[in-house]
Structures are given as C-alpha cells and as structure tokens.
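Only heavy atoms go into these numbers, but all of them, side chains included; no hydrogens, no water, no symmetry mates.
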Amino acid sequence: MEILTAIKRVPETGAKVSLTDDKLDIDTTSLGFTFSPHEECAVEEGVQLVEEHGGNVTVLTLGEADATEQLRSAIAMGADDGILLDGGDDEWGPVGTSKAIADAVGESGTDFDLLLFGNESADTANHQVGVRVAEELGLPCITGIKELDVADGTATAKREVPGGSEVYEIDLPAVITVKEGLNEPRYPSMRAKMQARKASVAERTPEPHEGDLELVELEVPESDDSPAEVLGEGPEAAADVVDVLEDLEVV
Amino acid sequence: MVLTLVEHEDGEVDDVSLQTLALARDVAEQSGESLDAIAFGSDAEAIAEAVGAHGVETLQIVDDDALADYAPEAYGRAVAQCAEELGTEAVIAPGTDRGAETLAHAAAKLDVTMAAEVTAVEVGDAYELTRQRWGGTLIEHSKLTADTNVLTVAANEVSASETDGGAAAVEAFAPDVDDGDLRVRLAEVEESDVEGVPLGEARVVVSGGRGTDGDFSELEELVERVPNAALGSSRAAVNEGWRPHDDQIGQTGAKIAPEIYIPCGISGAVQHMVGCKGAENILAINTDPEAAIIQKADYAVIADLHEVAPAIAEELEARGHAE
Ligand SMILES: Cc1cc2nc3c(=O)[nH]c(=O)nc-3n(C[C@H](O)[C@H](O)[C@H](O)COP(=O)(O)OP(=O)(O)OC[C@H]3O[C@@H](n4cnc5c(N)ncnc54)[C@H](O)[C@@H]3O)c2cc1C
Ligand SMILES: Nc1ncnc2c1ncn2[C@@H]1O[C@H](COP(=O)(O)O)[C@@H](O)[C@H]1O
C-alpha cells in the first residue's frame with residue numbers, strides 16, 4: 001500500500017496564549033512546535049497499515065522550512081519519507097493548501113491507495129482540506145474516523161455519533177480524515193529519531209492560489225481569572241467540598 | 001437569499017441546526033434577504049413547522065430514495081446545486097461532523113472557501129466574521145468576500161431563537177447526482193454498549209490527569225457515589241495508557257457541560273480547558289497553588305488528590321449521600 005499522510009506544524013501552547021504585536025499570529029518566541037493529535041493518529045495508522053500490508057508511508061507538510069522538524073518526527077514514528085511544500089512564513093488558507101497538496105500528489109509520481117488527514121488542523125480548524133483534496137483528485141472521502149479496517153481494497157471506517165457509531169464503506173484509493181482515539185501513537189525510540197535526521201525529504205515550492213479568508217486579527221478570549229475560593233489544603237477540606245456539592249444540588 | 005442546511009432525525013430538527021438558523025437569520029436580516037433551509041428526507045411537514053418557528057420562509061426538501069441514507073459527496077453536490085439554482089448569497093451549515101463534511105464538499109464544488117466554526121457575522125461590503133481557532137482558545141476576526149459565502153456555525157456557541165412564524169413553505173428540490181457521488185454511503189449505525197452516564201450528559205464530571213500517577217481508583221469510587229456523574233481525564237493520562245481516549249476532555253476529546261467539573265491532578269492547559277468551557281462551576285484539586293487550573297477554577301483544594309478524593313467519598317457517605 002502506498003499511503004500519504006498530511007501533517008501541519010503548529011506551536012505547542014501551554015496554559016496561556018499570547019499574540020504578536022500585529023495580532024496576526026501566536027507569539028512563539030518561547031514555544032516549541034508539534035502537530036495535531038489527530039494527525040499523529042493518521043501517521044500511526046499509516047505506519048500500522050504498512051506494517052500489515054507492506055508498502056510505504058510518505059508524510060507531507062505545507063509550511064515554513066522549519067516544518068521539516070515535524071516531518072522528521074513522523075519519520076521517527078515509522079513513516080518512510082517526507083515531502084516539504086515550502087510555503088514561506090505566510091499562513092495558507094484551506095483553498096490554497098488543498099490545491100498545493102493535490103498538485104504535489106499529482107507530481108509525486110506515486111499512485112497512493114490511501115491519503116490520511118486530520119479531521120481538522122489544530123490551529124485554524126478549517127475542517128476541509130482533506131475533503132477538498134479528495135474533490136481535486138476525484139477520490140471518495142470520509143471524515144472524522146475513529147476506527148479503520150482495510151481489507152481487499154476496501155476500507156471500513158467508523159465515526160462516533162451521540163449514542164453510537166456510523167459505519168462507512170469506501171473503496172480505495174480514498175481520502176480518510178481521522179480523529180484522535182483511532183489508535184495509540186507510538187513514542188519513537190532514540191535510535192529512530194537519530195535515523196530520521198538522515199531520512200530523505202523532498203522539497204518543492206507550491207503555487208499560491210487566491211480566494212481564502214482574509215485574516216484581520218486574532219483575539220485572546222476573556223477568561224475569568226479571578227482567584228478560586230480555596231476550600232482547604234488537605235483532606236479536611238472534604239466537608240467544604242460536600243457543602244458545595246449540596247448547594248449545587250448534585251448529590 | 002440565505003440557504004441553511006438543517007439536520008434532523010425523523011423530522012425532529014437537532015439543536016445545533018436551530019442554533020445555526022439563529023445566526024443565519026441574523027445574516028439574512030442584515031443583508032435584507034430571505035432565509036431558506038435545505039433538508040434531506042421525507043419528513044417535510046414536521047421540518048417545515050420546526051424551521052418556520054425559527055424564521056425560515058421556504059424549506060427546500062430533497063426527498064430522493066437514492067439519498068435516503070446519508071452520503072457526504074451527494075449531499076454536498078445537492079447543496080451546491082441548490083445554492084447555484086436559487087442564486088443564494090450565503091450557504092450556512094451546522095458545525096457538526098455531517099454539516100461540516102457536507103458543506104466542505106459543497107464549497108469545493110462551488111470553488112469557494114468555507115469559513116468553519118463561525119460565531120458571529122457582520123454584513124457590510126464583506127462578511128466580517130468572528131470564528132474560533134484552536135477549539136475556542138483563540139478568536140479570529142476575518143473577512144469573507146466570495147460570490148457565495150459559505151460557512152459553518154460553531155456548535156453550542158449561538159443561542160437558538162424562536163420567532164412567531166408559522167410553518168415554512170415547502171418546495172421540492174431534485175438534485176442531479178450520479179453514482180460517482182454515492183461512492184461513500186452510510187452502511188450501518190451501531191449503538192454504543194458503554195455503560196454509565198455519557199460524559200457529555202453528566203451533571204458532575206470528576207477527572208484525573210498526570211497527577212493521579214496512574215491510580216484512578218479513588219476517583220472511580222467518588223464517581224460511583226454521586227448520581228449522574230462521569231469520569232473523565234486529560235490527554236496526558238490517556239497518553240500514559242491509564243484511561244481510554246473516550247474519557248479525554250479537551251480540544252481533541254469530549255466537550256462537557258456539567259453543573260460542576262472536578263479536575264484532579266490536571267494543570268489546566270488551554271487545550272484541556274476548551275473542553276470544559278461549558279461547565280457551570282469548576283472545583284480543582286491540585287498540589288500546586290500556582291497551577292493554571294487554580295486561576296480558572298471557582299473553588300480549589302490545594303492538596304494531594306489521593307488524600308482528598310477518599311475524604312470526600314467518606315463525607316458523602318457520612319451525610320447519607322450514598323448511591
Ligand atoms: C493540538 C493539541 C491538542 C490537545 N488536546 C488536548 C485535549 O483534548 N485534552 C487535554 O487534556 N489535553 C490536550 N492537549 C495536551 C495539553 O496541552 C496538556 O499537555 C495536557 O492537558 C496536560 O495534562 P495534565 O494536566 O494531566 O498533565 P500536567 O500538565 O503534567 O499536569 C499535572 C498536574 O498534576 C498536579 N499534581 C501532581 N501530583 C498531584 C497530586 N498527587 N495531587 C494533586 N495534583 C497533583 C501537578 O501540580 C500538575 O498541575 C493537547 C495538546 C495539543 C498540542
Ligand atoms: N499546511 C498543511 N500541511 C499539511 N497538511 C495540512 C495543512 N493544513 C491542513 N492539513 C491537513 O488537513 C487536515 C485538515 O485541516 P483543516 O482543513 O485546516 O482543518 C489537517 O489535519 C492536516 O492533515
């Protein structure tokens with residue numbers, strides 16, 4: 001099986017988010033970078049499927065040149081090679097991103113059986129790049145999957161709904177977007193991380209496309225940071241806790 | 001005209017769709033346009049009544065045997081065709097799995113962008129949007145200027161609002177879909193066999209993070225003592241293999257809205273906190289008075305959860321609150 005997984009470099013924010021002065025971005029001066037848990041599961045699933053059926057996992061990202069760091073993290077998890085679409089520092093919208101990814105798939109010379117995406121990206125959460133890539137390539141697509149089986153060229157994919165799950169069947173080649181919980185992504189070994197540093201990463205410069213949302217500014221939502229009422233500093237606080245529960249009439 | 005996708009179960013319109021209609025009606029009023037809805041299925045009468053009471057003038061009903069079961073691309077094709085034929089200025093859908101998926105297909109077919117997770121729209125020369133990023137950790141202000149403005153509404157961020165309107169007029173819309181659009185179809189619906197109160201519906205949620213050190217037994221016992229309570233966790237606890245992912249609360253997990261949320265040994269990372277925005281009260285148990293969760297909580301106990309949780313269970317029993 002030839003599998004492509006698409007991941008996006010995003011800052012790893014902690015308890016507080018602060019913005020750059022122009023309010024167009026998160027201030028990342030003291031932050032590390034990662035990719036979404038959904039996409040970690042996409043990579044893990046690709047690697048597991050190749051372990052079972054043979055083949056290759058190619059991991060692709062569109063972003064600044066430093067996004068090779070995330071490609072190498074995915075390669076350390078077991079992906080075979082990487083493609084960096086060097087999009088510079090500017091944020092690409094979902095239309096531009098999808099067209100660039102679809103172009104890169106076409107140019108890669110590989111007939112992918114399965115293209116795995118996150119259900120939504122961690123930062124901009126546009127909820128559409130996977131679907132649009134499928135539309136560009138004329139492939140079938142299902143989103144938000146938390147359980148996946150592949151046998152004889154058909155994928156059986158489950159999506160959670162309140163009170164149960166929906167089961168979809170989809171013939172490969174196909175695009176599937178996934179959610180965290182699909183599997184338990186592995187922690188790469190030290191040795192895998194070292195080797196990933198030497199893995200081949202192809203670089204391309206994608207063609208920009210117009211027609212996305214125009215960002216005006218970002219805003220950190222107000223949160224109520226008034227100090228909590230401290231009920232106590234040990235097990236003797238239990239009586240006050242139960243008072244609170246009684247007042248709220250939940251016990 | 002503003003066209004809104006409406007989801008329903010046998011004619012009963014779901015909550016997020018009603019919320020979506022409230023935002024869509026606001027857009028329609030600001031731009032002096034009428035509000036239409038599009039729905040799939042054979043329950044036109046019930047749907048027309050429900051959406052009419054939320055300001056919809058005309059319901060476009062797609063009642064087609066081939067589309068009786070949900071099929072994402074075909075539904076997207078139908079919405080795109082309906083928008084084109086009726087010349088709509090905006091197409092709006094609920095920010096649910098199906099709503100976003102259908103609308104993403106429609107937006108791709110219309111070759112326009114889709115703005116997801118929108119919470120407010122100001123109509124001027126452009127649509128000035130407010131929408132959520134990072135699961136609601138950040139708010140984005142942006143401009144949408146497509147020929148057809150396509151957007152989804154963030155779930156549970158906008159309140160539904162009724163009008164005194166009667167049932168919407170019903171028009172049949174017959175889309176031109178082909179077999180290619182039906183490659184992906186819903187094959188089966190399975191009911192969950194999970195016991196207990198679902199996280200999303202619990203009135204009390206007790207959750208544990210890395211601070212539990214993997215021992216959830218005291219938190220489990222506490223949950224058993226309280227009616228309508230459920231156990232949750234942070235992503236760190238799931239990553240450690242201590243809890244199943246279904247228990248995870250946050251950006252990439254469950255969203256909860258209990259009367260009280262009791263996070264134990266959880267630091268309060270932004271990605272965790274967006275999952276419990278809906279909680280009325282937060283009572284944090286943490287050894288670290290400087291932990292971010294303490295700032296975000298209403299009540300706090302600064303202590304070891306392994307000592308406090310059993311003490312609360314005992315106190316509940318002493319006061320006769322045994323489940
Ligand atoms: C894109 C993205 C999505 C994410 N989605 C989610 C998500 O959906 N949900 C989520 O939870 N996280 C999510 N995260 C991860 C998040 O950033 C944090 O890493 C995670 O929430 C930390 O979990 P924690 O609070 O249990 O662990 P820690 O941050 O390690 O905190 C442990 C806390 O336990 C306290 N403690 C230690 N011992 C005790 C004791 N004996 N008694 C009481 N307190 C004690 C400590 O003081 C500390 O505050 C996401 C991250 C990213 C990048
Ligand atoms: N810049 C990018 N590079 C690679 N993949 C991306 C990029 N943006 C989005 N994706 C993929 O598309 C999915 C959905 O993104 P979105 O439509 O932005 O929510 C993500 O989870 C990724 O798998």
Side-chain angles (χ1 to χ4, degrees), chain A residues 13-15 17 36-38 93-95 122-128 131-132 135 140-144 159 163-171 179-181 211-221 223 225 227-235 237-239 241-242 244-245 248 250-251, chain B residues 72 97 100-101 104-105 107-109 112-117 133-135 137-144 152 183-184 186-192 203-204 226 245-246 252 259-260 267-270 281 283-284 292 294-303 307-308 311-312 315-316 319 321:
Chain A
T13 52
V17 183
S36 157
H38 296 328
V95 173
D123 54 350
T124 50
N126 292 308
H127 285 87
Q128 63 196 283
V131 173
R132 300 190 87 106
E135 289 265 355
C141 175
I142 188 71
T143 67
R159 158 157 103 193
S165 52
E166 299 175 336
V167 186
Y168 293 86
E169 277 164 15
I170 176 167
D171 288 335
K179 285 191 181 172
E180 189 180 24
D212 272 305
L213 274 184
E214 181 193 331
L215 177 61
V216 177
E217 67 174 31
L218 300 176
E219 179 192 332
V220 181
S223 64
D225 276 359
E229 180 186 333
V230 176
L231 301 175
E233 308 209 330
V241 172
V242 175
V244 169
L245 298 179
L248 295 174
V250 293
V251 289
Chain B
D97 279 343
E101 180 175 60
H105 278 290
K109 291 185 191 300
V112 294
T113 195
M114 174 178 94
E117 309 272 28
R133 283 194 180 208
W134 287 96
T137 306
L138 270 187
I139 296 169
E140 171 187 313
H141 299 280
S142 51
K143 283 188 186 165
L144 187 56
T152 68
R183 286 177 294 182
V184 180
L186 180 61
E188 206 183 322
V189 178
E190 290 177 357
E191 275 186 31
S192 143
R203 289 193 73 214
V204 178
V226 180
H245 179 267
D246 290 351
T252 50
E259 189 63 32
I260 184 163
S267 62
V270 286
N281 297 279
L283 190 163
I294 305 295
Q295 249 85 58
K296 293 168 179 163
D298 305 288
Y299 307 97
V301 178
I302 312 295
E307 292 174 12
V308 183
I312 299 171
E315 182 71 20
L316 283 169
R319 296 197 201 175
H321 298 299

Give, as side chain, backbone, both or neither, the part of [X] having an atom under 4.5 angstrom from any heavy atom of chain B.
{"X": "A:Asp171", "answer": "neither"}
{"X": "A:Ala237", "answer": "side chain"}
{"X": "A:Glu135", "answer": "side chain"}
{"X": "A:Val244", "answer": "side chain"}

Once you round to the nearest 0.5 Å, how far does [atom1] of [X] lie from [atom2] of [Y]?
{"X": "B:Leu138", "Y": "A:Thr124", "atom1": "CG", "atom2": "OG1", "answer": "11.5 Å"}
{"X": "B:His105", "Y": "A:Gln128", "atom1": "NE2", "atom2": "CD", "answer": "11.5 Å"}
{"X": "B:Thr152", "Y": "A:His127", "atom1": "OG1", "atom2": "NE2", "answer": "7.0 Å"}

Identify which of [options] forms the greatest number of heavy-atom pairs closer than 4.5 Å to chain B.
{"options": "A:Val95, A:Ile170, A:Leu213", "result": "A:Leu213"}
{"options": "A:Ala238, A:Gly181, A:Ser165, A:Ala15", "result": "A:Ser165"}
{"options": "A:Gly232, A:Gly144, A:Ala125", "result": "A:Gly232"}
{"options": "A:Gly93, A:Ser36, A:Gly163, A:Gly211", "result": "A:Gly163"}
{"options": "A:Gly164, A:Pro140, A:Gly14, A:Pro227", "result": "A:Pro140"}
{"options": "A:Leu245, A:Leu248, A:Val220", "result": "A:Leu248"}

- Message: Does A:Val167 form a side-chain contact (heavy atoms from CB on, under 4.5 Å) with B:Leu186? I'd like the steps, not just the answer.
- Response: CA-CA 6 Å; A:Val167 186; B:Leu186 180 61; 5.8 Å; no
Among [options], which has the most heavy-atom pairs under 4.5 Å with chain A?
{"options": "B:Lys109, B:Arg203, B:Lys143", "result": "B:Lys143"}
{"options": "B:Glu307, B:Glu191, B:Gln295", "result": "B:Gln295"}
{"options": "B:Ala303, B:Ser192, B:Gly135, B:Ser142", "result": "B:Ser142"}

State, to 0.1 Å, how close [X] and [Y] come at their nearest heavy-atom pair, and which atoms those are.
{"X": "B:Ala116", "Y": "A:Asn126", "answer": "CB-O, 3.6 Å"}
{"X": "B:Ala297", "Y": "A:Ala228", "answer": "O-CB, 3.3 Å"}
{"X": "B:Ala107", "Y": "A:Arg132", "answer": "O-NH2, 3.6 Å"}

- Message: Under the criterion side-chain contact (heavy atoms from CB on, under 4.5 Å), I'd like the reasoning laid out for A:Val241 against B:Glu315: C-alpha separation, chi angles, the key distance, then a yes or no.
- Response: CA-CA 9 Å; A:Val241 172; B:Glu315 182 71 20; over 6 Å; no
- pair B:Arg319-A:Val242: side-chain heavy atoms closer than 4.5 Å: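 A side-chain contact under 4.5 Å exists here.
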- Would you indicate whether the side-chain heavy atoms of B:Pro72 and A:Ile142 approach each other to under 4.5 Å?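 In contact.
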- Would you please name every residue forming a salt bridge (charged side-chain N to carboxylate O under 4.0 Å, His left out) with B:Lys296, sequence neighbours left out?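 With neighbours one apart ignored, the set is empty.
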- Item | Results of salt bridge (charged side-chain N to carboxylate O under 4.0 Å, His left out) for B:Glu190 - residues two or more places apart only | A:Lys158
- Which answer fits B:Val184, side chain, backbone, both or neither, if we ask what part of it has an atom under 4.5 Å from a heavy atom of chain A? both
- Message: Please classify the contact of B:His141 with chain A as side chain, backbone, both or neither, using a heavy-atom distance under 4.5 Å.
- Response: both
- Query: Going through the distances and angles, do A:Val131 and B:Met114 end up as a side-chain contact (heavy atoms from CB on, under 4.5 Å)?
  - Reply: CA-CA 11 Å; A:Val131 173; B:Met114 174 178 94; over 6 Å; no
- Query: Would B:Val270 and A:Val17 count as a side-chain contact (heavy atoms from CB on, under 4.5 Å) if you check the C-alpha gap in whole Å, the side-chain angles of each, and the deciding distance to 0.1 Å?
  - Reply: CA-CA 8 Å; B:Val270 286; A:Val17 183; 4.1 Å; yes
